[in-house]
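Take a look at the structure set out below.
Here, residue 1 is the first one in the sequence, and each next residue gets the next number.
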Amino acid sequence: MLFDTCHIGGIEAKCRLVRSATFEGMGNYGLPTEKLAQMYENLADGGAGIIITGMMATTKMEPRQHCQIRIDDDECIAPLSQVVHRVHQHGGKIIAQLVVMGSAILLPEIPEGETRIIISPSGVTEKVGKWTQESQALTVDQIHELTEAVAKAAARAKAAGFDGVQFHGAHGYLASKFLSPHFNTRTDAYGGSLENRARFLLECVAAMRQAVGADYPVWVKLNCADFMKDGSMTFEESKQVMTWLADMGVNAIEVSGGNTSSLPRKGPIRAIRRTKEPMYFKAYASEAAAMLKDKIDVGVVGGFRKVEDIEDTLESTDLAFVSMSRPYLRQPDLPNRWKSGDTEPALCISCSRCFGAEDVDCIFNKQEKAKQDA
């Protein structure tokens with residue numbers, strides 16, 4: 001089942017292993033570099049069923065993350081299409097992940113001569129990494145401007161040849177913040193009830209759909225819960241949002257969880273050896289998939305390291321795919337290795353030393369390259 005040709009979220013794929021969006025830190029003034037193109041080429045050649053890009057900036061209202069790829073202007077289409085072409089040459093499929101960063105941005109990058117602001121639903125101060133993040137509450141007009149920007153970004157992704165788009169509604173980025181009562185204290189149509197808190201996400205998805213047409217794959221990444229001490233979006237609320245997304249014709253939901261304000265060891269990226277909790281969002285995603293069976297494809301990311309665990313998950317639940325992020329940094333050819341009969345677990349030890357501001361890669365890969373260069 002794992003390596004059968006299949007349809008996932010409106011896309012024909014060679015297997016049910018998805019490379020989840022992973023920040024690359026390889027943008028040059030927001031445009032893709034040769035290093036980034038080669039990384040995606042390696043992933044396609046390595047056998048991933050579908051590749052989801054790292055988050056792409058969609059609007060010039062806010063700063064970009066340092067070295068983030070952008071899709072906020074028509075000039076981005078041609079260079080991004082070259083990346084897509086190289087993936088397609090190796091038989092791969094690639095989805096563009098679109099994001100409005102909001103106050104979860106870590107290292108803001110503002111082009112010289114421009115004025116940009118860090119934005120949030122309500123201007124709630126928060127901790128991001130070691131820093132205290134201040135932000136400006138959005139006006140309704142600004143919310144509408146962001147929705148239009150996301151739609152235009154989706155149209156650019158289609159024009160660049162991407163096989164689909166995924167909107168980032170998880171991990172404390174702006175759409176996720178709107179869903180959280182802790183960060184969303186608005187009293188207008190975008191705050192209060194769950195229906196209101198979900199309005200920004202749902203309006204963005206509707207605008208994307210209108211921009212790309214009825215047949216183009218539109219995915220959403222969503223938290224199963226925020227896992228915060230106070231003011232979390234709960235799993236029950238998440239399931240309701242998933243139902244609304246399914247009713248809107250979204251093709252697939254990738255279930256994750258947590259944000260930078262989550263309880264200790266309850267964020268999106270967890271150290272499995274310390275928590276002793278592999279596959280940490282599996283139970284939530286499985287319940288959601290059963291609830292939405294025959295309505296939408298539901299997948300899950302988080303803590304999968306063994307091919308037998310993935311096969312069991314796909315065979316014993318209604319989940320349509322399993323995503324991984326960090327293991328692909330260490331082994332971009334992991335799907336091909338497993339398919340060939342080498343069923344050793346992924347070498348990734350979930351240490352998270354891979355992540356940084358630039359040139360994101362497994363620390364062990366970097367050490368091996370340094371030895372070779374020496």
Side-chain angles (χ1 to χ4, degrees), residues 18-37 39-40 43-44 50-87 92-102 104-111 116 119 145-176 201 204-205 207-208 211-212 216-222 252 254 256 301 323 325 355 357-360:
V18 171
R19 185 270 198 172
S20 194
T22 306
F23 182 71
E24 317 97 344
M26 297 178 188
N28 182 22
Y29 297 101
L31 298 179
T33 58
E34 169 60 27
K35 185 178 290 186
L36 181 132
M39 184 194 73
Y40 283 116
L43 285 164
I50 297 173
I51 301 164
I52 306 175
T53 70
M55 55 191 181
M56 294 188 188
T58 57
T59 174
K60 296 179 181 179
M61 183 188 299
E62 63 176 356
R64 292 191 299 270
Q65 182 87 12
H66 179 63
C67 291
Q68 183 183 13
I69 302 300
R70 63 189 178 92
I71 192 167
D72 59 2
D73 193 282
D74 286 351
E75 70 176 7
C76 303
I77 295 172
L80 287 171
S81 69
Q82 292 301 310
V83 177
V84 173
H85 176 67
R86 289 171 67 166
V87 168
K93 299 294 177 69
I94 184 167
I95 291 174
Q97 188 187 71
L98 311 180
V99 69
V100 184
M101 299 289 291
I105 194 165
L106 186 58
L107 294 172
E109 185 177 87
I110 301 176
R116 300 191 180 191
I119 54 179
E145 182 180 337
L146 289 172
T147 304
E148 183 179 351
V150 170
K152 288 181 177 178
R156 293 185 192 108
K158 184 179 180 181
F162 284 96
D163 298 290
V165 288
Q166 182 189 63
F167 187 60
H168 203 329
H171 299 177
Y173 296 108
L174 186 65
S176 177
L201 169 64
C204 283
V205 170
M208 290 166 63
V212 299
Y216 190 71
V218 174
W219 293 26
V220 172
K221 188 167 192 170
L222 192 72
E254 184 185 27
S256 187
V301 65
S323 298
S325 171
F355 294 125
E358 298 181 23
D359 296 335
V360 171

Would you mind reporting whether [Y] and [X] have side-chain heavy atoms less than 4.5 Å apart?
X      : Y      : value
Phe167 : Tyr173 : no
Lys60  : Asp73  : yes
Phe355 : Thr22  : yes

[X] to [Y] - nearest heavy-atom pair and separation:
X      : Y      : answer
Leu106 : Gln65  : N-OE1, 3.1 Å
Val83  : Pro32  : CG2-CB, 3.8 Å
Phe162 : Ile95  : CD2-C, 4.0 Å
Leu31  : Pro79  : CD2-CG, 4.1 Å
Leu222 : Gly169 : CD1-O, 3.8 Å
Ala57  : Gln68  : N-NE2, 3.4 Å

For the atom pair [atom1] ([X]) and [atom2] ([Y]), what is the distance rounded to the nearest 0.5 Å?
X      : Y      : atom1 : atom2 : value
Met56  : Leu80  : CE    : CG    : 5.0 Å
Met26  : Met39  : CE    : CE    : 5.0 Å
Gln82  : Arg86  : CD    : CZ    : 8.5 Å
Gln97  : Ser20  : CD    : OG    : 7.0 Å
Arg19  : Ser325 : CZ    : OG    : 6.5 Å
Asp359 : Glu24  : CG    : CD    : 10.5 Å

Would you confirm whether [X], through its side chain, and [Y], through its main-chain N or O, come within 3.5 Å as a donor-acceptor pair?
X      : Y      : answer
Gln166 : Ile52  : no
Arg156 : Ile71  : yes
Glu62  : Gly102 : yes
Lys158 : Val212 : yes

For [X], which of [options] qualifies under side chain to side chain contact (heavy atoms under 4.5 Å, CB included)?
X      : options                      : value
Ile94  : Leu43, Thr53, Ile50          : Thr53
Asn28  : Thr33, Ile69, Leu36          : Thr33
Leu174 : Ile119, Ile105, Val99, Thr59 : Ile119

Is the count of non-hydrogen atoms from other residues, nucleotides or ligands lying under 6.0 Å from Lys152 atom NZ greater than 12?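 No, the 6.0 Å shell around NZ holds no more than 12 heavy atoms from other groups.
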Side chain to side chain contact (heavy atoms under 4.5 Å, CB included) between Glu109 and Arg116, worked out: CA-CA 9 Å; Glu109 185 177 87; Arg116 300 191 180 191; over 6 Å; no
For the pair His171 and His168, name the ring-plane relationship: parallel under 30°, tilted 30 to 60°, perpendicular over 60°.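 Ring orientation, 0 to 90° scale: perpendicular.
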